[in-house]
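All remarks here apply to the structure that follows.
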Amino acid sequence: GVGVSWPVFIVKAGGGVLVDVDGNSMIDLGSGIAVTTVGNANPYVVEGVSRQVADFTHTCFMVTPYAGYVEVCEALNRVTPGDHEKRSALFNSGAEAVENAVKIARAYTKRTAVVVVEHGYHGRTNLTMGMTAKNMPYKEGFGPFAPEIYRVPTSYPFRDGPHTGPEVAKWAISRIEKEIGASNVAAIIIEPVQGEGGFIVPAPGYFSAMADFAKANGIAFVADEIQSGFCRTGDWFASEHEGVVPDLITTAKGIAGGMPLAAVTGRAEIMDSVHAGGLGGTYGGNPVACAAALGAIRWMEDEDAPGRARAIEALMMPRLRSMQENHPAIGDVRGRGAMLAIEIVKVGTMEPDPERTAALARFCVAQGVIVLTTGTYGNVFRFLPPLTMPSHLLEEALGIIEQGLDATA
Ligand code: PLZ
């Protein structure tokens, strides 16, 4: 049941380059799906992990705690949006963080309904499969899914015609009010920039309107920043772009430079509504993963990681837009920071072209550029370079993508 995108076995990685067993060097435009934001072997992470692994690898925080866990929580409380009093709890994977956000929101609100949106992705566990929109490959044959999950419209500017962000939010809110009842909703969970759904940046005003509705109705507003967080989009968190301060925020991926760690951070009164012992797990907040996170977060602060993401956008965006002028198969160019994408359509139409997208990806990999496709329709080509990627490698990768567009025309 486990698949691989590319049969390329890696022996070493860093500086935006993956080296395979045959000695091929490949430019990495995927960061292991938005994980190695600080690089694959960042010295800050290596130093912290090496020190910690020599001291102790595990005690279980729920049995005998250690400072690294608390320090990661303090760092999360500091770097996430909002200056209210916060708490954090640590887990192992993104899906586990989302599961726990739902548990916390339900405990606090004493309500059960969970609202998610079209094209959303939240994980592969039973609850999060139910919350994820796309059937293949995530859900096919794996049901039944958990009850009390409701899906409402999201803003997808390329495919929404003339409709504005606030307009789409109005439909979504009307659906919540008419079909669920706002007073039954524990949480609204949205990715501020959708990842697996296709790097969809909602039209201005959608995300904030959903947050305002949640606030007015005693609903926990949860930003799933697992893919968009930790400086990816040119802000520390993508929610900041519209000035939204989520009640809860889920993080993982970029948090720990490649070590498995995830978190829920949120308003103290919401987080503290759960009875002690209600949240946890054997490995949650593992000390080695915490040391990695402290190194990764310190690097992001020292090296102005959001600025680096914006510099990547400044380099890539104009090139992608000029490619769009020459290649009408590029229906849309979008994204923010180092989370950018092109959507491939059949020329002259809005019809997704997943075959050409896959052919383009194969071309790039054969030419030494590791790329990822995404999207509900499998027709989005996404760019997630590590923030340590040198400009000349980005330029080289862009050149190969352009050749690929010619070759697949
Ligand atoms: N929420 C927004 O992007 C993980 C999944 C790849 P886990 N996205 C990559 C795949 O095919 O499994 C993701 C995400 C958002 C939650 C998750 C889940 O994070 O660490 O994979 O559980």
Side-chain angles (χ1 to χ4, degrees), residues 1-6 29-37 90-103 114-140 142 146 149 151 154 187-202 207 221-230 232-233 237-239 246 248-265 281 283-286 289 292-293 296 335-339 341 361 370-376 378 380 382-384:
V2 177
V4 297
S5 303
W6 313 110
L29 290 188
S31 294
I33 323 190
V35 171
T36 52
T37 304
L90 305 183
F91 307 99
N92 304 293
S93 68
E96 213 188 329
V98 172
E99 293 246 0
N100 278 281
V102 170
K103 284 163 70 170
V114 173
V115 171
V116 291
V117 302
E118 288 165 0
H119 307 288
Y121 182 91
H122 301 286
R124 293 176 182 260
T125 58
N126 184 267
L127 177 61
T128 59
M129 268 194 293
M131 295 167 68
T132 289
K134 191 176 176 179
N135 180 49
M136 266 310 262
Y138 309 122
K139 302 163 77 165
E140 175 70 27
F142 299 147
I149 299 166
R151 193 173 309 285
T154 194
I188 299 176
I189 304 186
I190 307 183
E191 300 156 80
V193 175
Q194 290 186 310
E196 305 307 308
F199 276 35
I200 304 165
V201 183
F207 190 67
F221 186 73
V222 186
D224 182 344
E225 293 253 20
I226 286 164
Q227 191 152 167
S228 59
F230 283 105
R232 237 324 119 192
T233 62
F237 293 91
S239 300
L248 298 176
I249 168 165
T250 55
T251 53
K253 290 187 183 282
I255 188 175
M259 294 295 288
L261 190 72
V264 179
T265 300
Y283 290 114
N286 168 272
R336 279 208 291 272
M339 187 170 184
I370 293 288
V371 293
L372 300 170
T373 59
T374 185
T376 301
V380 177
R382 61 174 147 174
F383 309 109
L384 287 165

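Ligands are counted one by one from 1 in listed order, and the atoms in each one are counted from 1 as well.
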Note to self: Exactly one of Asp224, Thr128, Thr250, Thr132 should register a side-chain hydrogen bond (donor to acceptor under 3.5 Å, both in side chains) with His122. Which one does?
What the structure shows: Asp224

Name every donor-acceptor pair, under 3.5 Å, that has one atom in a side chain of residues 194-201 and the other anywhere in the protein, sequence neighbours excluded.
from	atom 1	to	atom 2	distance (Å)
Gln194	NE2	Glu118	O	2.9
Glu196	OE1	Arg382	NH2	3.1
Glu196	OE2	Gln227	NE2	3.0
Glu196	OE2	Arg382	NH1	3.1

Notebook entry, point to check: With a 6.0 Å cut-off on ring centres, are Tyr283 and Phe91 close enough?
Noted result: no

Next item on the list: For Glu96, check side-chain hydrogen bond (donor to acceptor under 3.5 Å, both in side chains) against everything at least two apart and list the hits.
Entry: Asn92

Note to self: Is there a side-chain contact between Tyr121 and Glu191 in this structure, where contact means two heavy atoms from C-beta onward sitting under 4.5 Å apart?
What the structure shows: yes

Next item on the list: Go through the structure and list residues passing salt bridge (charged side-chain N to carboxylate O under 4.0 Å, His left out) with Glu99, not counting sequence neighbours.
Entry: none

Expected rows: ligand 1 N/O, protein N/O, dist below 3.5 Å:
from	atom 1	to	atom 2	distance (Å)
ligand 1	1 (N)	Tyr121	O	3.4
ligand 1	1 (N)	Asp224	OD1	3.4
ligand 1	1 (N)	Asp224	OD2	2.8
ligand 1	3 (O)	Gln227	NE2	2.8
ligand 1	8 (N)	Glu196	OE2	3.4
ligand 1	8 (N)	Lys253	NZ	3.2
ligand 1	11 (O)	Arg124	NH2	2.6
ligand 1	12 (O)	Tyr121	OH	3.3
ligand 1	12 (O)	Arg124	NE	2.7
ligand 1	12 (O)	Arg124	NH2	3.3
ligand 1	20 (O)	Gly94	N	2.8
ligand 1	22 (O)	Gly94	N	3.4
ligand 1	22 (O)	Ala95	N	2.8

